[in-house]
Amino acid sequence: MKTILQYVKPKLPAMSLQLFIKFFATIIELLLPWMLSRILDDAVPAHDVPAVWLWGISMVLCAGAAWATNIIANRMATRISRDITRRVRHDLFERILYLSCAQEDGFTTPSLISRLTSDTYNTHQMIDRMQRLGVRAPILLIGGVILCFALEPVLTLVLIAILPLLGVVVTTVSSKGVKMYTKTQAALDVMVRRAQESMNGIRVIQALSRGDYERSRFGEANDEVIHREQSAAMLMNITNPVMNLLLNTGLTLVVVVGAFRVNSGLTTSGTIIAFLSYFTIILNALMMVSRLFVMYSKGAASARRIEEVLLAPMQRTLSETASAAALTENAPCIEFENVSFSYGGVRDQLQDISFTLEKGQTLGILGPTGSGKSTLLRLILGFYTAQKGQVRLWGQPVETIDPAVLYSRFGVVFQNDFLYAGTLAEAIDIGRGLPREALEAAVQTAQAEFIEQREGGLDSPLAIRGSNLSGGQKQRVLLARAMAADPPILLLDDSSSALDYKTDAALRRALAKDFADTTKVIVAQRISSLQHADLILMLEDGRIAGRGTHEELLETCPAYREIAELQMGG
């Protein structure tokens, strides 16, 4: 993946033109005080009115040219920085979509949101200000010093004596500022996480009357962001008063020394006025430099955070992946061989899991909360890589299969799934371009006949996260989405928990009829949802406590038999 500088390279020709225009405008600005000194020193003492008019009109024309070219250059800078940031934000979002689940866990979702929003904004500001002030400020500073030296070398020594002190202040402050702004962005990640958690759990917060508690938690995170931002701002703002003190001290010395030199006849009043103008220009240029370093400190810290995501290693490269042709269709559809897995490396969520599932067979998974049921599905999907053992699909290790090939063969309903806003047809199709007949067939299989009763049917509106549907209706829309593409493998993670027993039974009959050749992995808490499966795994603490058919587990697995007696009455 690219670094931030690589996004800038394609824009170098446009940036070069913009910098040339900015350079031209800045040079014109530097000529204005010199023209004023010619009027005061040459034209006014000689009472040369035409010369006064000539120089005056020249100053107006130069000022107008500087104004016009600065506007053109600034608009170009805005357009260039906008295009760069748009490309960075697009690629950053695309890279986030292809992060492995382990990588996403490492970055955390709030941090990724912050990098995609505030960090890209800070980077945009840095690129924009670098183009606007990165040429203007140094030229005004260096050009002003050169012209001051040409006008009055003695007085220029006062200025030269001050510049090293200013350089030390700016360099020291900016180097510390990058570190402090990095910490500020980390605190912002925490604040985004608190806000995201509160918004996702708004119903629970309201139901339990925990609004004050959540406000206090968010307030703590907000205060931490404010504290770190203030600390960084206080550090960066040291440059302004120090520069003002040093430069105004120098300005006072210039006036005093200049007065003595005028009285001694060593220089002229016009030269002193031009020198003071240049000194003011230099002062403003240094203020620009200080603002530039503030923007650079923020932008550099944010650019590093963005590059961490852009440069994160891909889960698998094209040279390591197997195409669809490499998959052996007559091999077992899903195969686990002594698989163990841990999220944090502390305790195994799955331990020594082994089973084989042929094409068209159904695997049922049952177990208490936290036993590793959903984790097993994530390993089948290749979201995580097992620390021990191997997961194979159609004879190939899952981590070696091309993601485009792998994910096209799955239909999935996750335990905590969601729906996009739009129409019901769009939510079921989810951008796959499926024919209308496939959507309608999936609706029938998923027992989602309620869609036909809604005004507009499949074209009826759907709110974000399906908030205008009941729990059972959402689950049936999610089931239709998983089935619509007729995938070779269906993974259903507790996808019928909100359905009544009658609808659940009708769904199982429809699955057995319409998806007879589809390999199905069903996670459920109801024995009735799994009893017809070819193989049932009873999980406890990440281990297989029992395996077999429904009848075999009733004989051999006490935990399974106890659940069956509680749910089915013996």
Side-chain angles (χ1 to χ4, degrees), residues 8 11-12 14-34 62-63 65-78 80-81 84 122-150 156 158-175 177-178 181 233 235-248 250-251 254 274-300 303:
V8 175
K11 293 292 182 180
L12 285 178
M15 292 178 72
S16 300
L17 177 60
Q18 183 268 339
L19 295 177
F20 175 77
I21 295 173
K22 199 74 175 178
F23 176 83
F24 177 75
T26 306
I27 293 298
I28 293 175
E29 287 185 62
L30 285 173
L31 293 176
L32 294 175
W34 176 79
C62 287
W67 173 78
T69 48
N70 270 316
I71 289 177
I72 293 171
N74 289 342
R75 289 177 68 88
M76 290 180 65
T78 300
I80 291 168
S81 56
I84 292 173
N122 289 339
T123 305
H124 170 269
Q125 291 292 95
M126 177 183 69
I127 296 171
D128 183 55
R129 292 298 184 270
M130 282 292 183
Q131 292 178 87
R132 294 186 181 211
L133 304 180
V135 172
R136 177 179 168 81
I139 292 176
L140 289 176
L141 180 60
I142 298 170
V145 172
I146 292 172
L147 289 172
C148 283
F149 191 82
T156 307
V158 176
L159 177 62
I160 293 175
I162 295 172
L163 290 180
L165 298 175
L166 296 175
V168 170
V169 172
V170 170
T171 303
T172 304
V173 170
S174 61
S175 62
V178 172
Y181 279 119
L235 174 67
M236 300 307 297
N237 286 336
I238 289 175
T239 55
N240 279 346
V242 170
M243 284 183 174
N244 277 319
L245 174 63
L246 293 175
L247 288 171
N248 284 313
L251 192 61
V254 167
F275 192 93
L276 292 175
S277 297
Y278 281 123
F279 206 99
T280 304
I281 288 174
I282 293 169
L283 172 62
N284 290 330
L286 283 166
M287 293 302 166
M288 292 180 199
V289 170
S290 68
R291 291 197 299 271
L292 194 62
F293 274 103
V294 172
M295 294 307 306
Y296 170 77
S297 299
K298 282 187 176 182

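Numbering of residues begins at 1 and proceeds along the displayed sequence.
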What are the two closest non-hydrogen atoms of [X] and [Y], and how far apart are they?
X: Thr123; Y: Ala303; value: OG1-N, 3.8 Å
X: Ala25; Y: Thr69; value: CB-OG1, 3.0 Å
X: Ser81; Y: Ile127; value: CB-CG2, 3.9 Å

Taking atom [atom1] of [X] and atom [atom2] of [Y], what is their separation to the nearest 0.5 Å?
X: Leu133; Y: Lys22; atom1: CG; atom2: NZ; value: 7.0 Å
X: Ile21; Y: Arg75; atom1: CD1; atom2: CZ; value: 12.5 Å
X: Arg129; Y: His124; atom1: CZ; atom2: NE2; value: 8.5 Å

Listed once per pair and sorted, the salt bridge (charged side-chain N to carboxylate O under 4.0 Å, His left out) pairs that draw on residues 135-148, sequence neighbours left out: Glu29-Arg136
With sequence neighbours left out, write down each residue that passes side chain to side chain contact (heavy atoms under 4.5 Å, CB included) with [X], or none if nothing qualifies.
X: Phe20; value: none
X: Leu19; value: Val135
X: Ala77; value: Gln18, Asp128, Gln131, Arg132

In residues 142-149, what donor-acceptor pairs under 3.5 Å come from side-chain atoms, sequence neighbours left out?
none

Going by side-chain hydrogen bond (donor to acceptor under 3.5 Å, both in side chains), name the residues that satisfy it together with Lys298, two or more places apart in sequence or in a different chain.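 Once residues adjacent in sequence are excluded, Lys298 has no partner under the side-chain hydrogen bond (donor to acceptor under 3.5 Å, both in side chains) criterion.
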